S.K.: 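Have a look at this one before I ask anything.
We use all heavy atoms of the structure for the numbers below, so side chains are in, but hydrogens, waters and symmetry mates are not. Note that this is a predicted model, so its numbers are computed, not measured.
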Amino acid sequence: MSETDPHIHVEQKVLEAGPTVRNLVSSMLGRVTDAPSVVTTGCGLQVPYAMTSPRPECVTCLACREHAHREYLRFAGQIERLGRGPMPGVNITGDQVAEAVERLRDLARRFSG
């Protein structure tokens, strides 16, 4: 971990990063999880959690932006493939799948720009 790194990064597990996922886990388990003090980033560095952001506008590390771009596109593709076939027991419409895919692709675009 470098104390002189001025960049803002994304967590390596970009889809699991940020307060939204922690809030979801907390609501499901009824327990609050702590934010980690140090995380591994998309570029492979270990940095303080405070030096990361899930928001594309805040990330200044080019390698992390590229990592997030790839991850969001990969996940959008997975959701799109899953949404094509019958999903027994799942109460999600094709329009909802398409909307989720578009949101993920929009995030990917924002990370690439």
Side-chain angles (χ1 to χ4, degrees):
M1 174 170 53
S2 171
E3 298 296 326
T4 61
D5 181 10
H7 293 289
I8 302 299
H9 300 268
V10 293
E11 288 186 54
Q12 186 175 40
K13 296 180 178 180
V14 70
L15 298 169
E16 300 170 20
T20 305
V21 173
R22 278 195 312 282
N23 290 341
L24 177 63
V25 170
S26 297
S27 68
M28 288 175 12
L29 301 178
R31 300 191 68 155
V32 177
T33 59
D34 292 331
S37 59
V38 175
V39 296
T40 301
T41 65
C43 67
L45 295 177
Q46 289 196 338
V47 301
Y49 176 73
M51 295 301 291
T52 66
S53 176
R55 296 178 53 222
E57 299 79 19
C58 297
V59 177
T60 59
C61 173
L62 181 58
C64 280
R65 291 181 69 85
E66 291 170 353
H67 171 76
H69 172 77
R70 285 188 310 270
E71 287 296 297
Y72 280 114
L73 283 180
R74 182 182 63 79
F75 191 56
Q78 286 178 344
I79 297 297
E80 190 172 46
R81 282 188 300 280
L82 288 172
R84 283 188 195 133
M87 296 184 290
V90 177
N91 193 18
I92 298 174
T93 67
D95 289 342
Q96 290 171 318
V97 170
E99 184 180 319
V101 167
E102 184 52 37
R103 278 197 314 263
L104 291 166
R105 288 197 172 130
D106 179 57
L107 264 172
R109 278 190 292 275
R110 288 170 50 204
F111 272 109
S112 72

S.K.: Got a sec, which residues hit side chain to side chain donor-acceptor pair (under 3.5 Å) with His69, two or more places apart in sequence or on another chain?
M.R.: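 Expected list: none.
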S.K.: Is there side-chain contact between Ile79 and Val97, with at least one heavy-atom pair below 4.5 Å?
M.R.: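 Ile79 reaches Val97 side chain to side chain.
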S.K.: Establish whether Phe75 and Leu73 are linked, either directly or via other cluster members, by ILVMFWY side-chain heavy-atom contacts under 4.5 Å.
M.R.: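 Different hydrophobic clusters.
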S.K.: Between Leu15 and Tyr72, is there a side-chain heavy-atom distance shorter than 4.5 Å?
M.R.: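 Yes, side chains in contact.
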S.K.: Without placing hydrogens or testing angles, list every side-chain donor-acceptor pair under 3.5 Å for residues 58-66, not counting sequence neighbours.
M.R.:
unit_1 : atom_1 : unit_2 : atom_2 : d
Thr60  : OG1    : His7   : ND1    : 3.3
Thr60  : OG1    : Ile8   : N      : 2.7
Arg65  : NE     : Phe111 : O      : 3.2
Arg65  : NH1    : Pro56  : O      : 2.5
Arg65  : NH1    : Val59  : O      : 3.0
Arg65  : NH2    : Arg110 : O      : 2.9
Arg65  : NH2    : Phe111 : O      : 3.3
Arg65  : NH2    : Gly113 : O      : 3.1

S.K.: So do the side chains of His9 and Cys43 get within less than 4.5 Å of each other, counting heavy atoms only?
M.R.: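 Yes - at least one pair of side-chain heavy atoms lies under 4.5 Å apart.
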S.K.: Applying side chain to side chain contact (heavy atoms under 4.5 Å, CB included) to Thr52 and Val10, what does each step give before you reach the verdict?
M.R.: CA-CA 5 Å; Thr52 66; Val10 293; over 6 Å; no
S.K.: Is atom CZ of Arg55 surrounded by more than 12 heavy atoms (other residues, nucleotides or ligands) closer than 6.0 Å?
M.R.: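 Not buried by this count: 12 neighbours or fewer within 6.0 Å.
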S.K.: Tell me the salt bridge (Lys or Arg N to Asp or Glu O under 4.0 Å) pairs involving residues 86-103, sequence neighbours left out?
M.R.: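 For residues 86-103: Glu99-Arg103, Glu102-Arg109.
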S.K.: Would you say Gln12 and Thr41 make side-chain contact, with heavy atoms under 4.5 Å?
M.R.: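 Gln12 vs Thr41: side chains apart.
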S.K.: Flag the pair Asp5 / Met51 as yes when at least one side-chain heavy-atom distance between them is below 4.5 Å, and no otherwise.
M.R.: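 Counting from C-beta outward, Asp5 and Met51 never come under 4.5 Å.
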S.K.: With the side chain counted from C-beta on, respond yes when Tyr49 and Val38 share a heavy-atom pair under 4.5 Å apart, and no when they do not.
M.R.: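 In short, these two side chains do not touch, never coming nearer than 4.5 Å.
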S.K.: Quick one: does Arg74's side chain have a donor or acceptor within less than 3.5 Å of a partner on Arg70's backbone?
M.R.: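 No.
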S.K.: Quick one: do Leu107 and Val101 end up in the same hydrophobic cluster if we chain Ile, Leu, Val, Met, Phe, Trp and Tyr together by side-chain heavy atoms under 4.5 Å apart?
M.R.: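 Yes, one cluster joins them.
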S.K.: In Å, rounded to the nearest 0.5 Å, how long is the span from OG of Ser112 to CZ of Arg105?
M.R.: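 Rounded to the nearest 0.5 Å, the OG-CZ separation comes to 13.0 Å.
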